[in-house]
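Following: one structure in C-alpha cells, then a few remarks.
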Amino acid sequence: MKRPLPKLVYADAQGQIYDHPFLTMAGMSGPEAVLPEQVELIPLPEGSRLFTIPGTPPIAWDNRAKRFTTVEKAPGIRGKLQAVSAFMAPGFARTLLPACDYSKKQVLLPLWSYTAVGWDEAQDCFVVAATRVDSNTNWNPENYDDRLLDPLVRQRLAEQPDNRLLEQLARCAIDYHCFAAKNLFFRRWEAPLPTSPVCNSACLGCISLQASECCPSNHDRISFVPTPEEIIELALPHLEQAEQAIVSYGQGCEGDPIMQAPTIAEATRRLKAATSRGTINFNSNGSLPERIEELCDAGMDSFRFSLNSVLEERYNAYYRPKGYSFSNVIRSLKISKQAGRFTMVNYLISPGVTDAPEEVAALKRFVADTGVDMLQLRNLSIDPDLYNRAMQANGRGIGMHRLLTELKQEFPQLQFGYYNRTRENFFPPGFEKGWPISRS
C-alpha cells in the first residue's frame with residue numbers, strides 16, 4: 001500500500017506552527033509547485049531549525065480537488081497564514097524549495113537556505129525534502145559547547161595578543177558562532193585562515209558584503225591582510241597537533257583568497273617546510289589561473305572552486321565577475337587536476353535550477369571534461385524567488401535525487417560530499433559505490 005504524503009505545515013501570524021487536517025505538503029522545483037517523492041522525504045535532521053516566511057501564504061496539494069492551492073486561511077486560525085521552511089543541519093542537500101505564493105512576499109528574505117517541510121503523521125515527526133550527502137559528524141552542533149570554548153579563546157588571546165588573525169577568528173567563534181573558527185581554539189579538525197578583505201566577484205548572495213538596499217550580510221568581512229607570520233603562528237600548531245588537521249584559506253568572513261595568493265603561497269611554502277602533517281586547502285572562485293599554478297607550486301594539497309552553475313550565463317548572473325571570465329575558472333580546475341591536487345567544486349544548489357535539464361546535461365559534460373574529484377553539494381543561501389528570477393528559471397527540474405543517481409551511475413569515481421577532507425580521506429574506500437559513503 002502506498003504511504004500517504006505528509007501534511008502541510010503552516011504558521012499563524014505569531015509564528016505558531018500547525019499541521020493541516022487534510023491538505024498535503026508540496027514543494028517547489030524552481031517556480032513550479034510539485035509533490036515530493038517518497039524517496040526524497042526524510043525526518044528533519046537533528047540540529048535543523050524551522051522558521052516562517054513572513055507575509056507569504058503556503059501552497060499545498062488538495063487531494064480532493066486534485067490541484068495545488070494557495071492556503072490563505074485554516075480552521076481555528078485568525079488572520080493570515082505564513083509558510084514554514086526548514087534550515088537544515090549541514091551534511092544534507094535539499095531536494096525541494098518550500099512551496100508558497102512568492103508573489104505575496106513583501107520582504108527580501110535573509111541569506112539562509114530554504115527547504116520544503118511537512119508533517120508525517122505515521123512517523124510523528126517533521127519531514128523535509130532532502131538527502132544526506134556527507135556522513136562526517138564532526139560538524140554536528142553538539143560538538144560545539146561554548147562553555148568549553150570561552151576559556152580557550154581567552155587563553156589564546158592572552159598568549160598571542162598581537163596576532164590580528166587570531167583576534168578576527170575569536171570574533172568569528174564567539175560573535176558569529178562559526179564552527180570552523182571554534183575548531184581553531186579546540187585545536188581539532190578543520191580550522192579557517194581568512195586572508196582577503198577584497199573580492200573580484202560581486203555575488204548575488206554574498207554572505208560577507210551586501211549593498212545597503214539588499215538584505216544584510218550575515219557577518220562582517222575581514223578588514224586587513226594578515227602577514228605570512230600571522231598565518232603560520234596559527235596554522236603550524238594546528239597542523240602539528242590537531243586531530244584530523246586541516247587548515248583552509250577562503251572563508252565566509254572574507255572576499256576571495258586568490259586576491260592574496262602571493263601571501264598565501266609564502267605562508268604555505270613555509271608551513272610545508274616546517275611539517276608534513278595535516279592538510280592545507282584553498283577555497284576560491286578560481287578566477288586567476290596563474291595564481292592557482294603559484295599555489296600548486298607552493299604545496300597546496302587541495303582546491304575547492306565555487307560554482308552555482310556550469311552554464312556561463314547563469315554563473316555570470318550570480319557571481320557577477322569583475323575582470324575575469326567563466327573560462328578562467330574552468331582553466332583553474334584543470335590546472336589543479338593536472339597538478340595532481342584533490343579538486344572539488346563547491347556546488348551551490350537550488351532545486352529547479354541545479355537539476356534543470358539543460359544544467360544536468362552541461363554538468364555531465366563538465367565532469368567528463370575536468371575530471372573533478374568531488375561535488376560538495378551546498379544549499380545556496382538566498383531568497384528562492386530572487387534566485388529563480390535571476391536564473392530565469394521557468395520550469396521544474398528532473399529531481400535532485402534523480403540528478404545525483406544519474407551522476408553516480410555515469411561517473412562512479414565522482415564523490416559527493418559537504419565538507420573538506422584530510423589527505424588520508426581524499427579517496428576513502430567504497431566511495432564509488434554510492435552516496436553518501438555512509439548512510440548513518
Side-chain angles (χ1 to χ4, degrees), residues 47-49 87-92 110-113 134 136-157 160 163-197 199 203 205-210 215-226 230-231 233-235 237-239 242-257 260 264 278-284 304 306 346 348 376 378-382 417-421:
S48 304
R49 296 289 183 268
F87 177 75
M88 285 192 302
F92 293 85
L111 295 170
W112 301 106
S113 62
D134 204 310
N136 186 339
T137 59
N138 289 353
W139 300 91
N140 289 358
E142 61 264 26
N143 294 327
Y144 296 86
D145 189 336
D146 284 353
R147 293 170 297 181
L148 303 176
L149 174 73
D150 288 348
L152 296 176
V153 172
R154 290 195 295 270
Q155 178 184 344
R156 290 287 294 276
L157 289 173
Q160 299 170 308
N163 192 309
R164 297 172 300 164
L165 184 55
L166 183 67
E167 184 178 348
Q168 166 77 16
L169 292 174
R171 184 183 180 196
C172 292
I174 298 298
D175 294 346
Y176 300 130
H177 297 281
C178 170
F179 284 3
K182 292 180 183 187
N183 283 340
L184 178 80
F185 296 97
F186 284 123
R187 194 153 285 173
R188 66 184 185 191
W189 310 334
E190 183 174 2
L193 297 173
T195 61
S196 183
C199 191
C203 295
C206 180
I207 62 173
S208 67
L209 186 66
Q210 285 289 338
C215 47
S217 55
N218 293 347
H219 45 250
D220 294 331
R221 185 177 284 186
I222 191 171
S223 60
F224 62 93
V225 179
E230 286 175 309
I231 295 170
E233 190 176 26
L234 301 190
H238 193 84
L239 290 171
E243 175 189 359
Q244 300 173 38
I246 315 175
V247 291
S248 281
Y249 303 101
Q251 302 297 318
C253 62
E254 64 175 316
D256 199 286
Q260 314 303 332
I264 291 170
T279 302
I280 305 178
N281 175 66
F282 190 77
N283 305 319
S284 173
R304 189 185 76 183
S306 290
N346 184 35
L348 305 176
Q376 288 193 7
R378 297 293 187 103
N379 302 309
L380 180 58
S381 294
I382 196 170
Y418 200 93
Y419 311 107
N420 294 323
R421 291 191 181 146

- Apply the test side chain to side chain donor-acceptor pair (under 3.5 Å) to residues Y176 and R171: give CA-CA distance (whole Å), side-chain angles for both, the deciding distance (0.1 Å), then the verdict. CA-CA 7 Å; Y176 300 130; R171 184 183 180 196; 3.1 Å; yes

Between the side chains of [X] and [Y], is a donor N or O closer than 3.5 angstrom to an acceptor N or O?
X	Y	result
N140	N138	no
H177	D146	yes
D256	S284	yes
Q376	N420	yes

- Message: Is there a side-chain contact between E254 and P197 in this structure, where contact means two heavy atoms from C-beta onward sitting under 4.5 Å apart?
- Response: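 No, their side chains stay 4.5 Å or more apart.
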
- Task: On the 0 to 90° scale, with breaks at 30° and 60°, tag the F179-W139 ring pair as parallel, tilted or perpendicular.
- Result: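 If you compare the ring of F179 with that of W139, the planes turn out parallel.
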
- For the residue pair Y144 and W189, categorise the inter-ring angle as parallel (less than 30°), tilted (30 to 60°) or perpendicular (more than 60°). perpendicular

- Should S113 and N379 be marked as a side chain to side chain donor-acceptor pair (under 3.5 Å) after you check the CA-CA gap, both sets of side-chain angles, and the distance that decides it? CA-CA 6 Å; S113 62; N379 302 309; 4.6 Å; no

- What residues form a side-chain contact (heavy atoms from CB on, under 4.5 Å) with L166, not counting sequence neighbours?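 Expected list: R156, L157, Q160, N163, L184, F185, L234.
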
- Query: Which residues satisfy the side-chain contact (heavy atoms from CB on, under 4.5 Å) test with P237, sequence neighbours excluded?
  - Reply: R187, Q241

- Message: Using every non-hydrogen atom in the two residues, find where F224 and L165 come nearest and quote the distance to one decimal.
- Response: CZ-N, 3.7 Å

- Would you kindly check if the NZ (Lys) or CZ (Arg) of R304 is within the cone defined by 45 degrees around the ring axis of Y249 and under 6.0 Å from the six-membered ring centre?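 R304 over Y249 ring: no.
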
